[in-house]
Amino acid sequence: MTEPTFAPRVFSGIKPSGGLTLGNYLGAIKRFVEMADGEFETIYCVVDLHAITVWQDPAELTQATREVAAGYIASGIDPEKSILFNQAAVSGHAELAWIFNCVARVGWMNRMTQFKEKAGKNAEAVSLGLYAYPALMAADILLYHATHVPVGEDQKQHVELTRDIAAKFNHDYRTDFFPLTEPVIEGPAMRVMNLRDGTKKMSKSGESDMERINMLDDADTIAKKFRKARTDPAPIPGKVKELADRPEARNLVEIYAALSGTSAEAVLAEHEGAGWGAFKPALADLAVARLGPISDEMRRLLDDPAEIDRTLARGAERARQVAAPILAKTYEIVGLVRG
Ligand code: ATP
Ligand code: MG
């Protein structure tokens, strides 16, 4: 049997669960922009249905949805070229997620580390949606037959689960309808860490604002957060392997490398022997130079929310056109009668 070929297509998304962070920029958005310039058709989503797996104030959810859209556009995603929309506007995501809820196994869900981390000791009281989240994510990706998904390191397990769901669907229904999607996780800073605790990742929804750099932070705030970032007393080493047991040091070096478009090796070669008192201001200057123009443009776009909503609506129309035949065929394969 010959394998079907799928056109190279990228899908990825970010939740409007708070303000965008430097982790979202380096782990996701920056690479979304790069992939939009390549051989791929690119589909980028504001995944609002994922955001409500934990409580979101309705007005803040609407605002955060526009902020993620503004972050995409201000960073260089062209909404004419890429398809840019919000998930709730295309009902196929929720529809396919239901079918995948019936394909995925409870045992698979029980292995998801994000659920364990987010639920913590409170696993009995969190929403059913938080538990089912990876099946919705599989639906987001497979509704478009996406072949590649750029994500940060923390989402690798969910993309692997997406492959498992596609493979089980294909096996159970004796078809080769869904592709086995590849995660794309390349470069430094694919897991940007919390500035106050180098063992935890930086997150939009983290407790303290001091632990993250927000894309909308001003220059003084960025400088202050890096100045107060936790480090160890040793100076910057010469070799990457010497960062292995120094999570905070490694994090700052990787952020520097990603922002300057080089490798951790190159950053160490340039700064070997320097103390944090010299390195942190250089890092802050680099972050401000990189994020400043983007946050200015985000603010300008956010001044006209109706225009953002129109852009999202146009993207949703295009997304529906891609999704509709794939969803219709899925129903047919499953044997669901739709009239
Ligand atoms: P939340 O705390 O609500 O989960 P988040 O900051 O983790 O928010 P998500 O919307 O869950 O953001 O993830 C969006 C994208 O950003 C994903 O591709 C994810 O891998 C990436 N990402 C999130 N945090 C980081 C990080 N610290 N480093 C690198 N990539 C990240
Ligand atoms: Mg997350």
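Numbering of ligands and ligand atoms starts at 1, following listing order. Reckoned from all heavy atoms, side chains included, excluding hydrogens, waters and symmetry mates.
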Filtering Val149, Asn24, Thr53 for the heavy atom nearest atom 13 (O) of ligand 1 leaves Asn24

What I want to know is whether Met202 and ligand 1 share at least one N or O pair that is separated by under 3.5 angstrom. yes

Heavy-atom distances under 4.0 Å are what count here, so tell me which part of Arg191 touches ligand 1: side chain, backbone, both or neither. backbone

Salt-bridge present (Lys329, Glu332; N to O < 4.0 Å): yes

According to the interplanar angle, ranging from 0 to 90°, do the rings of Tyr133 and His158 count as parallel (below 30°), tilted (30 to 60°) or perpendicular (above 60°)? tilted

Atom 24 (N) of ligand 1 has as its nearest protein heavy atom Lys201 NZ, 2.8 Å

Among all protein heavy atoms, pick out the one at the shortest distance from atom 2 (O) of ligand 1; state its residue, atom name and that distance to 0.1 Å. Ser205 OG, 2.4 Å

For atom 11 (O) of ligand 1, find the nearest protein heavy atom and state the residue, atom name and distance (0.1 Å precision). Lys15 CE, 3.2 Å

When you measure from atom 19 (C) of ligand 1 to every protein heavy atom, which one gives the shortest distance, and what is it? Asp154 OD1, 3.4 Å

Heavy-atom nearest neighbour in the protein, as seen from atom 8 (O) of ligand 1, with distance rounded to 0.1 Å: Lys204 NZ, 3.0 Å

Side-chain touch Thr162/Phe100, heavy atoms, less than 4.5 angstrom: no

Stepwise, does the side chain to side chain donor-acceptor pair (under 3.5 Å) test hold for Glu117 with Thr113? CA-CA 6 Å; Glu117 278 160 21; Thr113 57; 4.7 Å; no

Considering non-hydrogen atoms of the protein only, which is the closest contact for atom 15 (C) of ligand 1, and what is the distance? Ala28 CB, 3.8 Å

Can you list the atoms of ligand 1 that are under 4.0 Å from a heavy atom of Met190? 28 (N), 29 (C), 30 (N)

closest protein heavy atom to atom 30 (N) of ligand 1 is Gly23 O, 3.3 Å

Candidates Lys118, Glu117, Gln56; heavy atom nearest atom 4 (O) of ligand 1 found on Lys118

Between Ser203 and ligand 1, find which residue part has any heavy-atom pair under 4.0 Å and reply side chain, backbone, both or neither. both

Which residue and non-hydrogen atom of the protein lie closest to atom 3 (O) of ligand 1, and at what distance in Å? Ser17 OG, 2.6 Å

Between Arg320 and Glu317, does at least one N-O distance fall below 4.0 Å, as a salt bridge requires? yes

Which of these passes side chain to side chain contact (heavy atoms under 4.5 Å, CB included) with Phe115: Thr53, Asn110, Val126? Val126

Test of understanding: given a 4.0 Å heavy-atom threshold, classify the contact between Val192 and ligand 1 as side chain, backbone, both, or neither. both

